[in-house]
Amino acid sequence: MTRPAILVARAVFPEVVSRLRQHFDVEDNPTDTIFTPAQLIQRLQGKQGAFTTGSERIGAELLAACPQLRVVSNMAVGYNNFDVEALTSRGVLATNTPDVLTETTADFGFALMMATARRMAESEQYLRRGEWTKWAYDMFTGSDIHGSTLGILGMGRIGQGIARRGALGFGMRVIYHNRSRLPAETEAAVGARYVDKATLLAQADHLVLVLPYTAENHHVIGAVELAAMKPTATLTNIARGGIVDDAALAQALRDRRIAAAGLDVFEGEPALNPALLTVPNVVLTPHIASASIATRRAMADLAADNLIAALTGGVPPTPINPAVLPLRT
Ligand code: DGY
C-alpha cells in the first residue's frame with residue numbers, strides 16, 4: 001500500500017518531522033521559506049495532508065487546485081487562515097491545537113499587560129540609550145495591576161486563564177464580555193463577572209483582548225471604542241491582528257486617549273503599521289504569546305497526532321470540522 005504524502009509547510013522541530021516520516025512521505029521546509037499561494041498549491045500537488053501554521057492560507061481556490069488533499073493540520077489554536085466552510089464542503093478535515101497552549105498564552109498575556117502598565121519597554125529603551133542620569137519621583141510612573149479592574153474581551157480558555165491570574169493572584173476585580181455568558185460556576189471559579197461591552201470599555205483599567213478573529217470581530221476595537229475607555233487605561237492584544245484598528249490605536253496612543261498598549265499581533269503581520277513604531281507608549285512583541293519551548297513542542301506534537309490519526313484511520317484528537325469524518329479515501 002502506498003504511504004500518504006504530506007507537506008510540512010514551515011520549519012518545525014526535526015523530531016516531529018522524523019515522527020511524521022514514520023507514517024508518510026514527507027516534503028518538509030527546513031529553510032522555512034514562506035510559500036506564495038501559487039507555491040503552496042504547487043507543493044501540495046499529490047499530497048493528502050498538510051502541516052500548516054497561521055501563515056498558510058487554505059481557501060477555496062487552493063482546495064480546488066489540490067483535490068487530493070484530505071486534511072490540513074494547523075499548529076495553532078487560531079484558524080482564521082482556514083476557510084472552514086470551503087474545507088467542509090470539500091470534505092477536507094481541518095484540525096488545530098487547543099488546550100496545550102492555554103496556560104502559556106495566559107502567562108504571556110498577563111506579562112504583556114504588566115509590562116504595558118508599568119512601562120517596562122519604554123524605560124528599558126531609555127536606559128539603553130544612556131539617558132538615565134538620576135532617580136526622579138515621577139520617572140516612568142505607570143498604573144497598578146493589583147487592586148485594579150481587569151477587563152477581558154473574549155472569554156474562552158485563555159481568557160479564563162487570564163481572569164484566574166488576575167483575580168486569584170493579583171486581587172483584581174475581573175469583568176468580561178463574551179458572545180455567550182459563562183455558566184455561573186465557571187464565573188465563580190475564575191472570579192469574573194459578565195458585563196456588556198460598553199461597561200467593559202468604560203470600567204476596565206486594563207483591557208485584554210482574547211477573542212478569535214472572524215468577520216464580525218474585524219475592528220471590534222476602533223476609534224469609537226478607544227474613546228470610550230478611561231484615559232488611564234491600557235489595552236493588550238494577544239488575539240489576532242485585525243481585531244484592533246491599528247491606525248486608530250496608534251492615533252489614540254499618540255493623543256494619550258488611552259495610556260498605553262501591549263501588542264503581540266498586528267494587522268498584516270509580520271508588517272506593522274509604521275505609526276505604531278513612532279509612539280513610545282506601546283510594547284510590541286512578534287506574535288510570541290505561545291512561545292515557550294515546551295508549549296511549541298506540545299503544539300507541534302498535537303498537530304502531528306492530528307495528521308497521523310486522520311490519514312491512518314484513527315480518531316484525530318482536535319478536529320475543527322468533525323462532520324467530514326470519516327475521510328474519503
Ligand atoms: C495560535 O495558536 O493561534 C497562536 O496565535 C500561534 O499562532
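Start at 1 and go down the list; that is how both ligands and their atoms are numbered.
Under the side chain to side chain contact (heavy atoms under 4.5 Å, CB included) criterion, R129 pairs with Q125, Y126, E131, not counting sequence neighbours. The salt bridge (charged side-chain N to carboxylate O under 4.0 Å, His left out) search around E225 returns K197, not counting sequence neighbours.
For a heavy-atom separation below 4.0 Å, the residues in contact with ligand 1 are A76, V77, G78, L101, R240, H287, S290, M299.
Expressed to the nearest 0.5 Å, how far CG of L127 lies from CD of E122 amounts to 13.0 Å.
Ring geometry, Y213 versus H218: the interplanar angle exceeds 60°, so the pair is classed perpendicular (tilted spans 30 to 60°).
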May I have the list of side-chain donor-acceptor pairs in residues 143-156 shorter than 3.5 Å, sequence neighbours left out?
unit_1 : atom_1 : unit_2 : atom_2 : d
S148   : OG     : D144   : O      : 3.4
S148   : OG     : I145   : O      : 2.6
T149   : OG1    : R173   : NH1    : 3.1

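Side-chain atoms of R257 come within 3.5 Å of backbone N or O of M229 as a donor-acceptor pair.
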